[in-house]
Amino acid sequence: MENFRTHLQFLLYFLLFLHSLPFSYAKCTDTEREALLAFKTGLTDPSGRLSSWRGDDCCKWAGVKCSSNQTVTHLDLKNPYPQEQLDAYKLSCLGGQLNSSLLQLDHLTHLDLSLNDFEGLQIPEFLGEFKHLRYLNLSYASFAGLVPPHLGNLSTLHYLDIGGRQGMEIENPSWLSGLSSLKHLNLGFVTIHSSDAKWLHAVNMIPSLLELYCHGCELQDMAVTLPFVNFSSLSVLDLSQNLFNSSFPEWLSTLTSLTRLDLSTNSFSGSIAVDFGKFESLEDLHLSLNNFSGPVPVTLGNLCYLKMLNLNSNDLVGELPDSIGLFKNLKHLDLAYNSLWGSIPASIGNLSALEVLYLHSNKMNGSIPESFGRLSELRDLNLIANSWQGVITEAHLMKLTRLESLMLSSSSLVFKVDPQWIPPFRLDYLQLEDCTVGPPFSTWLQVQNRLTQVKLQNVGISDTIPKEWFSELSAEILVMDLSENQIRGELPEELVSPKLEMLDLSSNRFEGFLPRWSTNATQFYIHENSLSGPIPRDIGTLMPRMADLQVLSLRNNYLSGELPDCWRDLSTSSLWVVDVSNNSLSGEIPSSMGLLRSLGMLLLSENNLVGEIPSSLQNCSALTSIDLGENQLSGEIPSWLAENLSATFVLRLRSNQFHGQIPEALCNLPLLHFLDLSHNNLSGGIPKCLDNLTAIVYGNSSELYYRDFQFRMAYFKEETKVVTKGRAYDYNRNLALLNVIDFSENNLSGPIPEEMTKLLSLRVLNLSSNHISGAIPEKIGDLKVLETLDLSHNQLSGEIPATLSSLTFLTHLIVSYNNFSGKIPAGRQLQTFDASSYQGNPFLCGFPSRVKCPTESITTTAPPTTGTEPEDEEDEIFELGTGLYVSIVLGFGFGFLGLCVTLLRKEFRKKDIEW
């Protein structure tokens, strides 16, 4: 105890002694302190990052570091938050002006202003005057304008990074050669104006350079011959996202110290004819998004240290070489979007370190070897969009214990695994398309209960799916697509899926009521099933994020009852599509649907809806497709359809009970290319202003709009029933190219307006079963792309215009049951149609009708028909006799009529004289 007290007293005396000694510590000079404070006054600091800049000791200020001799050497004002944390990042951004007072920091070696926001400020010239600066980082700080060549005076600089956002330019890169001590240079997304490869000659004068990043610099001159390569110690070279369009530069093969080479996103062409055996240290090779052609080089197998190989999106052809199995250290292999064919070599099983394999979107038409099952480190596998053959068994999957993502598709690929087999992996992402996985929903699928995204599209499953599987996935699932199978049974009545973004159960055999799922899905596809019962009236409550709903597709089911009035609270929603067509819904269209300001497609056809089109829909100014056909709607077609919905390009109101005239206001829809008002009770004449439908006149405007709109629609396929060529077809693609006008089965009268012949892109015109009179306009032949023309069952008269014979695309023509007369115009086109196309016109003659014209002799040879045998001789004599008898009867009739008229005139004249 006594010893302990003695030691304690000694320690206290020693501490007192130290305290009595004069003690010095790093403290910046007054000059440097004043220089920093002056620099601070020019900055904006919304979050107060520089609030510690007060007091005498500036070496303790945030971002300031001093040397042992009391001089400031480091100024690190980098934003502490990454751009991904957007709110915190913006708040912490420094801005304002850079004060030249920094030059008073004579011993400054390190300056970092990266990840701030100087709002387009030009990099100040004075930064090139620091004599001892070794590190300068101005990246992602929103500088703009010309980079001052004065930076070339920084001969002691080791690290220079001014890359980041676009907006900066280097007028003449020659000043880069002055950075003689530089090891790291990043000019990413700085536009470099260079001719004759000045940029390359400049960096070639920096022998110390180890890392060069010139991605996105708009460089285009690289195919030059360097007299010598001075920067041969380079280990990293990134020239991606430029405008190079040469073959593989020869001087690159001298950079044998490279560990990373990135030439992606350029236009390099030719074969990858490089002796990669020289690049003994190469670990990362990126050549994606170019135009390289030829086979995958066998010499790539010499890169024994390679970890990353990306040849994505080129024009590579041929089979994968066996040498691919030599990459013992390879972790990432991307050969997607090429034209490779054949099988995967069995040597693939030797890639013991492989974690990612992308072979999708090629022309692979061989098999997948069982050695695949040895890739025990594989996490991400994408083989979709190929034509794989053969089978997948347990052996292919047995040792893939780390597999997280599996993507595979091919119509000739069959999964043959034991229905009770339990795999060693639990996937996060599963996408199987167009291959045979069913009929059963096997155990290896049922145990995948960690999925966040699952797509089993058209994989032949015709089983029921346990409701427990849905329940296990419901909490974490983001995307669920089980479409185009024959899955049967009922869906769980209630599920809570708060993270679900897209649900597609379409084209199956699900039965029962529409599930009452609480979900935040923005895309909801359950069309083409056997669901019945009403649409839940509280669907808005069940889907809390219904304000974010984009697509609601319930078509082709057996849903009944009225459309729920659940749209009232969605005036600010982003709903683009409502498709409940081909069900058994009844009642009126809810007026609250007019609150859907963003609605682009309203598809309610083939139901039992009644009443008038609610006037509130005129508020839906974004509507492009309106299909209310095959209902029992009534009233007049409102003119506001054209006045307020100018973006409409599909208007389909067929098979309803609309009456009144066709509104001339419809002519004011410049994008309209599909107009079907058939099978109603419309009367009056055809509007003469239809030539104002510029989309059908020129054909392109609506197509461009449609493509843009379809891009917004993600994966939604609009389906519309079109009557063309005498039959009804379901169209779900290329609607923008199908320019249609169908006014058939109404009570329209008057002539065919001459203006309709100006609709030069019209493909289908159906005016049948009306009371249209007069002649066919002579300029009908101007409709060069017309494919279907039906004028039957009207009161048209006169001769058939000869210009019709010039319509080479015309494949369906019906002019039957009118009052046409004269000879059917000669020409190969009109003679290819069946006689029934012309029947019911007693004064029409000539082939292919059965009536010959009086001027034709018995030896007249009819033009050849397509696919029909000539009539026998008795039929020809009968046709001639019939034509002759008709001519005699007509001649006698007209002669007798003339005699009667003459006698009557004489009788009237006699009575006039007597009077």
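For Glu280, the CD atom sits in a loose shell: 12 or fewer heavy atoms of surrounding residues, nucleotides or ligands are nearer than 6.0 Å. The local environment of OH in Tyr159 is crowded, with over 12 non-hydrogen atoms from other residues, nucleotides or ligands closer than 6.0 Å. Shown here is Gln486, whose CD atom has more than 12 heavy atoms of other residues, nucleotides or ligands within 6.0 Å. Residue-environment remark: CD1 (Ile422) stays at or below the threshold of 12 foreign heavy atoms within 6.0 Å. Counting non-hydrogen atoms of neighbouring residues, nucleotides and ligands closer than 6.0 angstrom, the NZ atom of Lys328 reaches no more than 12 such neighbours.
Among Gln457, Lys455, Gln453, the one residue that satisfies the side-chain contact (heavy atoms from CB on, under 4.5 Å) test with Gln431 is Lys455. In summary, of the residues considered (Asp380, Asn382, Asp334), a side chain to side chain donor-acceptor pair (under 3.5 Å) with Tyr358 occurs for Asp380 alone.
With 3.5 Å as the limit, one finds no donor-acceptor pair spanning the side chains of Asn314 and Asn338.
In this structure, Trp251 contributes its side chain and Met222 its backbone to a donor-acceptor pair below 3.5 Å. Using modelled atom types, one side-chain atom of Asn362 and one backbone atom of Leu340 make a donor-acceptor pair closer than 3.5 Å. Looking only at distances, a side-chain donor or acceptor of Asn310 sits under 3.5 Å from a matching main-chain atom of Asn312. A donor-acceptor pair under 3.5 Å is absent between the side-chain atoms of Asn186 and the main chain of Gly163, judged by distance alone. Judged purely by atom type and a 3.5 angstrom limit, Asp504 has no side-chain atom pairing as donor or acceptor with the backbone of Met480. Without hydrogens or angle criteria, Asn485 side chain to Leu482 main chain gives a donor-acceptor distance under 3.5 Å. A donor-acceptor distance shorter than 3.5 angstrom exists from the side chain of Glu394 to the backbone of Asp418, with no hydrogens or angles considered. At least one donor-acceptor pair under 3.5 Å links the side chain of Asn290 to the backbone N or O of Leu263. Judged by distance alone, with hydrogens and angles left aside, the side-chain atoms of Ser114 form no donor-acceptor pair with the main-chain N or O of Leu138 at under 3.5 Å. In terms of modelled atom types and a separation under 3.5 Å, the side chain of Asp238 and the main chain of Tyr213 share no donor-acceptor contact.
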Distance-only donor-acceptor pairs under 3.5 Å for side chains of residues 369-378, two or more places apart:
{"residue": "Ser371", "atom": "OG", "partner": "Ala346", "partner atom": "O", "Å": "2.7"}
{"residue": "Arg374", "atom": "NH2", "partner": "Asn350", "partner atom": "OD1", "Å": "3.3"}
{"residue": "Glu377", "atom": "OE1", "partner": "Arg402", "partner atom": "NE", "Å": "3.2"}

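Here the straight-line distance linking atom CG of Leu311 with atom CD1 of Ile272 works out to 5.0 Å at 0.5 Å rounding. Atom OG of Ser343 and atom CH2 of Trp388 lie 7.5 Å apart (nearest 0.5 Å). Atom CG of Leu285 and atom CG of Asp262 lie 9.0 Å apart (nearest 0.5 Å). Taken from NE2 in His527 to CG in Asp579, the straight-line distance is 8.0 Å, to the nearest 0.5 Å. Taking OG of Ser361 as the start and CD1 of Ile384 as the end, the distance is 6.0 Å to the nearest 0.5 Å. From Leu239, atom CG reaches atom OG1 of Thr265 across 12.0 Å, with rounding to the nearest 0.5 Å.
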### Task
Take Glu433 and Ser409, measure what side chain to side chain donor-acceptor pair (under 3.5 Å) needs, and give me the verdict at the end.
CA-CA 5 Å; Glu433 297 180 53; Ser409 69; 5.6 Å; no

### Task
Evaluate side-chain contact (heavy atoms from CB on, under 4.5 Å) for Phe268 paired with Ser246, printing each intermediate quantity in order.
CA-CA 5 Å; Phe268 287 111; Ser246 64; 3.8 Å; yes

#### Entry: Chi angles and distances behind the side-chain contact (heavy atoms from CB on, under 4.5 Å) call for Val203, Leu212
CA-CA 9 Å; Val203 298; Leu212 175 60; 4.2 Å; yes

### Task
With side-chain contact (heavy atoms from CB on, under 4.5 Å) as the test, would you mind laying out the steps for Leu261 and Leu282 before giving the verdict?
CA-CA 8 Å; Leu261 175 60; Leu282 198 62; 4.3 Å; yes

### Intermediate values then yes/no, side chain to side chain donor-acceptor pair (under 3.5 Å), Ser269 and Asn245
CA-CA 7 Å; Ser269 58; Asn245 59 2; over 6 Å; no

### Query
When you look at Asn242 and Cys217, which way does the side-chain contact (heavy atoms from CB on, under 4.5 Å) test go after all the steps?
CA-CA 6 Å; Asn242 280 290; Cys217 295; 3.7 Å; yes

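Ring geometry, Trp469 versus Phe441: the interplanar angle exceeds 60°, so the pair is classed perpendicular (tilted spans 30 to 60°).
For the pair Lys499 and Leu478, the tightest heavy-atom approach, listed with the atom from each and the gap, is O-CD2, 3.3 Å. Between Asn386 and His360, the closest heavy-atom pair is ND2-CA, 3.8 Å. The minimum heavy-atom distance between Pro515 and Leu491, with the atom names listed, is CG-CD1, 3.8 Å. Residues Leu237 and Leu255 come closest through the heavy atom pair CD2-CD1, 4.0 Å. Taking both residues in full, the closest heavy atoms of Phe510 and Asn529 are given as N-OD1, 3.1 Å, listed atom of the first, atom of the second, then distance. Closest of all the heavy-atom pairs between Pro295 and Leu316 is O-CD2, 4.3 Å.
Applying the ring pair (Phe, Tyr, Trp, His ring centres under 6.0 Å) test to residues at least two apart or on different chains, the pairs with a partner in residues 411-440 are Phe415-Trp444.
Between Asp463 and Ile487, the closest side-chain pair of non-hydrogen atoms is not below 4.5 Å. Counting only heavy atoms from C-beta outward, the side chains of Asn329 and Leu306 never approach each other to under 4.5 Å. Here the side chains of Ile170 and Leu187 are in contact, with some heavy-atom distance below 4.5 Å. Side chains of Leu359 and Leu357 form a contact here, defined as non-hydrogen atoms less than 4.5 Å apart. Between Leu210 and His184 there is no side-chain heavy-atom pair separated by less than 4.5 Å. Between Leu495 and Phe470 the shortest side-chain heavy-atom distance falls below 4.5 Å. Side-chain contact between Gln241 and Phe189: present, with at least one pair of heavy atoms (C-beta onward) separated by less than 4.5 Å. Taking 4.5 Å as the limit, some side-chain heavy atom of Ile324 sits within range of a side-chain heavy atom of Pro345.
For Asp428, the side chain to side chain contact (heavy atoms under 4.5 Å, CB included) test picks out Glu404, Arg450, Thr452, with sequence neighbours left out.
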